[in-house]
Amino acid sequence: MSAITVDLRRNRLLLSYLIVAVLLVLLAVAGGLLSDRFLTWRNIGNLFQQLIVLGMVSLGQTFVVLMGGIDLAIGSLVGAITVFLANFLEWRPDLVWLALPLALLAATAVGALNGLLTVVLRVHPLIVTLGMSSIIFGATLMYRKEPGGSVPRAFADIAYAKVGGIPLSAIVLVVIFALAGLWLQRTRTGRSIYFVGGDREAARLNGLPVDRIVVLAYALSGLCAGIAAIFLTARTGVGDPRIGAALTLQSVMPVVVGGTILAGGRGGVLGTFLGVLLVTMLNSLLNFVNVSSYYQWVIQGLIIIIAVGIHTTRRRY
Amino acid sequence: MSIKSILDHKISRKSFIRGMPAVAAAMAAAPAIQLAQTSAAVASEPETRPGYYGAPRTWMWNPNANTMVDTSKWKKAGPYTIGFSNASISNAWRVAFQHGVLWSAGQHRDEIAHLLVTDANDDPSKQIADIQDLISQGVDILLIAASTEDALDSVVGRATEQGIPVVMVDRKVKTPANYITYVTASDWALGRLEAQWLCETLGGKGNIVMLPGIAGSSVAEIRIKANEEVFSKFPDIKVLEKQYCDWNPATGKSVMAALIQKHGKAIDGVLADSALQGYGAIEAFLDAGYKDGEFPPMTGGDVARMYQLANQHNIKMVGIDYPTSMGITGIETALDVLKGISVPDKVEVSFQVVTSPGADTISVKGDRHLLDHVSMSDPGDLSPSNGLPAGYNPSTFNPDYPK
């Protein structure tokens with residue numbers, strides 16, 4: 001019985017992936033028909049270069065959503081880390097080797113704190129992370145209201161660098177996603193994230209360290225936000241407290257489009273990766289066909305609602 | 001920008017020649033900025049064709065030397081594909097500005113094959129992707145209004161390195177070497193004139209609040225510095241508060257409402273760098289029960305509603321529009337670059353000083369009076385200095401341009 005359930009679940013997920021993959025192909029074909037420059041190597045390279053920031057924050061969001069939570073502090077955290085990095089590197093451009101681990105550490109700590117607060121206070125994560133987002137944003141603004149700081153050219157190059165014609169950032173992204181996927185599927189801790197998301201009480205009764213797993217998921221989300229911030233700082237060359245503002249909601253979109261259920265316990269990083277590709281390609285295509293970004297908002301909203309609609313309808317069988 | 005385009009679009013030949021004594025006077029009086037009133041007659045000249053008329057406060061008016069940029073290395077044969085990366089169309093100013101760009105491209109169909117437009121929703125991260133998309137589409141030149149001066153610096157520099165000429169318009173990036181020229185109006189002059197007018201109107205003594213635009217955008221930050229240059233000459237002028245209002249009427253209104261709560265009648269003057277937050281501020285005073293004649297003197301510009309409210313409630317104001325017509329000049333400048341015609345490293349678009357009745361001060365005199373500049377029946381979101389054909393209405397205007 002349980003074997004059948006697992007199988008069905010896997011099929012559902014495969015179906016989600018298939019839908020997103022078909023959408024991707026349709027989009028690529030449409031792009032190729034609408035503009036003869038859309039499917040050039042140059043633009044595909046360009047598309048992959050744009051993936052990393054949205055990709056990383058969405059991966060972080062995937063961990064948290066799978067575990068049954070939500071992280072609305074991502075955007076503020078990314079902004080805060082860009083401010084930290086750009087100011088640190090302006091002060092000591094030679095200490096990149098120190099600045100990057102510090103940034104990742106700080107981001108992970110803030111994530112862990114989010115998790116800790118939801119566990120200790122037993123407040124809904126929506127409220128905890130929203131409050132944390134406000135605190136981080138305010139604190140960052142106290143320190144720096146305007147974009148500023150600077151980064152050494154060599155650091156800026158990591159956002160634009162290519163290895164064998166492929167953007168370095170895209171390689172990093174694919175490797176991290178692959179590792180995350182393996183970790184979730186193949187390790188005890190990884191699988192327990194699904195378990196906690198599926199039924200927290202059952203997980204507790206089975207002796208899983210639920211609280212620790214919750215904190216871990218939020219910490220991973222923080223770490224991902226830190227990596228996104230590193231690439232964002234390299235791309236823009238400055239720290240900007242507001243730069244992550246749109247990222248919080250954007251990070252949810254690829255997750256749900258990729259078939260991960262908001263209630264937790266079901267989904268995976270492959271779907272999120274396809275979702276990130278879909279959203280990035282869609283925005284780029286709309287630029288190519290010269291469509292106002294207001295339509296981009298409308299279409300993104302429609303895709304979210306339709307995607308979630310499809311996933312939940314299928315669940316009713 | 002060529003002399004021809006100045007004569008064709010910015011000012012009529014007649015008013016240009018008529019304005020020349022003022023130019024000569026301003027240059028002779030350098031470095032002090034002197035505003036002659038000679039152009040008052042010009043204001044009444046009927047506006048029968050696109051472009052607006054008045055004192056030529058363009059790069060011709062620069063009291064210092066201009067640096068002309070040789071663009072011959074960018075010269076190529078047309079027709080061209082121009083990529084326009086706009087920071088956003090999130091307020092009335094930006095909408096009229098974009099209308100200028102589109103309309104102007106439509107006027108140059110013989111030279112422009114495609115105008116590709118992107119809109120970054122004020123998000124620098126999206127704008128970087130937009131610019132990369134435009135480059136992928138093989139544009140011949142980029143016309144960019146940067147959402148912030150720092151965050152776009154790197155990507156603009158990389159576009160130039162890849163051999164794509166960049167013309168900045170409205171908002172620039174940090175490093176001048178990253179672009180060819182910057183189409184703007186003098187934010188320095190605008191900031192000084194508004195601050196000088198406010199200080200003189202208050203008799204050199206009083207409490208003021210500053211309502212600047214978007215934190216970190218070059219336009220807002222330059223104006224603040226220019227305001228502060230003037231304030232430093234008036235030791236009895238006290239700045240109570242400085243609060244960014246994002247060039248947004250709703251924000252302007254809520255910020256001003258809070259400031260009225262906090263300081264009440266202690267506020268003697270309001271320095272808003274644009275009417276976008278300026279008319280929001282007037283509405284806050286109205287809500288707080290201020291009667292006609294009780295309003296502190298205010299500065300503004302850019303949209304009709306502030307001028308209309310000032311007229312209706314008898315508010316002393318000076319308005320200097322940051323002309324949305326710089327969108328038109330932006331396209332013309334981009335074409336000049338592609339044709340190998342030299343451009344100044346900063347293309348100043350002419351602006352006019354507008355004052356309410358009786359609001360002229362010793363050093364700041366209106367080029368035109370309030371009701372010569374807007375009419376009470378204009379749509380509230382109309383940008384008066386738009387340079388577009390007569391009868392322009394931002395809500396219904398739908399310019400045809402080469403897509």
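A quick note: this is a predicted structure, and the numbers were derived from the prediction, not measured. Chain A is the first sequence line, chain B the second, and so forth, proteins listed ahead of strands; every chain is numbered from 1.
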Exercise. By a 4.5 Å heavy-atom criterion (distance strictly below it), what part of B:E221 contacts chain A: side chain, backbone, both, or neither?
Worked result: side chain
For this session: Go through the atoms of A:D240 and report whether side chain, backbone, both or neither lie under 4.5 Å from a heavy atom of chain B.
Result: side chain
Exercise. Using non-hydrogen atoms only, which part of B:I214 is less than 4.5 Å away from chain A: side chain, backbone, both, or neither?
Worked result: neither
Problem set entry | Atom CD of B:Q162 with >12 non-hydrogen neighbours under 6.0 angstrom | yes
Problem set entry | chain A contact via B:D130 - side chain, backbone, both or neither, heavy atoms under 4.5 Å | both
For this session: Please work out which of the three classes, parallel, tilted or perpendicular, describes the rings of A:F88 and A:W91, given edges at 30° and 60°.
Result: perpendicular
For this session: Flag the one option from A:A245, A:G239, A:P147 with the top tally of heavy-atom pairs under 4.5 Å to chain B.
Result: A:P147
Exercise. What is the minimum heavy-atom distance between B:M168 and B:V173, and which atoms define it?
Worked result: CE-N, 3.8 Å
For this session: Please look at A:A156 and chain B and tell me whether the side chain, the backbone, both or neither of the residue comes under 4.5 angstrom of a heavy atom of that chain.
Result: both
For this session: Report yes or no: is the cationic atom of A:R144 (NZ for Lys, CZ for Arg) under 6.0 Å from the centre of the six-membered ring of A:F84, at an angle within 45° of the ring normal?
Result: no
Problem set entry | chain A interface, residue from B:I135, B:N86, B:D123, B:L134 that has the most non-hydrogen pairs under 4.5 Å | B:I135
For this session: Indicate yes or no: does B:D187 engage B:R171 in a salt bridge with an N to O separation below 4.0 Å.
Result: no
Exercise. Can the ring centroids of B:W103 and B:Y401 be said to lie less than 6.0 angstrom from one another?
Worked result: no
Seminar exercise, completed: Assert top hit (heavy-atom pairs under 4.5 Å, partner chain B, pool A:L47, A:T40, A:L232, A:T236) equals A:T236
Exercise. Looking at B:H99 versus B:Y392, is the centre-to-centre ring distance below 6.0 Å?
Worked result: yes
Seminar exercise, completed: Most heavy-atom pairs under 4.5 Å with chain B, out of A:Q49, A:R242, A:R153, belong to A:R153
